Amino acid sequence: MELAYAAYLMLRQGIEDPDRRARFGAVYAIIAFVSVPITFLSIRFVRTIHPVVIAAATRTRRAHST
């Protein structure tokens, strides 16, 4: 998410024409906004492309055992 925001700021600084800068910034912001839930859902639905987090399971077991 931070990389998308940094790229947005660099895009805005790199274009001189204000109308073109606003249009490119708006299109990029929409694409970045849509990509966040797609990334989240792809990690949840396709478990083969993302490693299993071991720390979350350890914390859950500790919470239930105490």
Side-chain angles (χ1 to χ4, degrees):
M1 187 75 175
E2 291 86 15
L3 290 176
Y5 184 64
Y8 172 77
L9 292 177
M10 288 190 291
L11 175 72
R12 295 281 303 197
Q13 292 296 321
I15 299 174
E16 298 283 330
D17 181 30
D19 291 334
R20 191 168 177 223
R21 176 179 23 196
R23 185 173 44 251
F24 273 88
V27 170
Y28 182 82
I30 291 169
I31 292 170
F33 179 79
V34 170
S35 74
V36 171
I38 290 173
T39 303
F40 176 79
L41 292 174
S42 69
I43 292 169
R44 296 290 181 195
F45 291 134
V46 186
R47 297 226 180 245
T48 59
I49 62 171
H50 196 273
V52 176
V53 179
I54 297 172
T58 305
R59 289 185 196 148
T60 305
R61 288 186 188 138
R62 286 184 195 160
H64 292 300
S65 65
T66 56

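Given the structure is predicted, the values throughout are model-derived calculations rather than measurements.
- No single ILVMFWY cluster, assembled from side-chain heavy atoms under 4.5 Å apart, contains both Tyr8 and Met10.
- With sequence neighbours left out, Arg21 forms a side chain to side chain contact (heavy atoms under 4.5 Å, CB included) with Arg12, Ile15, Pro18.
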Using atom types as modelled, flag every donor-acceptor pair under 3.5 Å from a side chain in residues 28-39 to any protein atom, sequence neighbours excluded.
unit_1, atom_1, unit_2, atom_2, d
Tyr28, OH, Ala4, O, 3.4
Ser35, OG, Ala32, O, 2.9
Thr39, OG1, Ser35, O, 2.8

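- Surrounding CG of Leu41 are more than 12 heavy atoms belonging to other residues, nucleotides or ligands, all under 6.0 Å away.
- The side chain to side chain contact (heavy atoms under 4.5 Å, CB included) check on Asp19 picks up Asp17, with sequence neighbours excluded.
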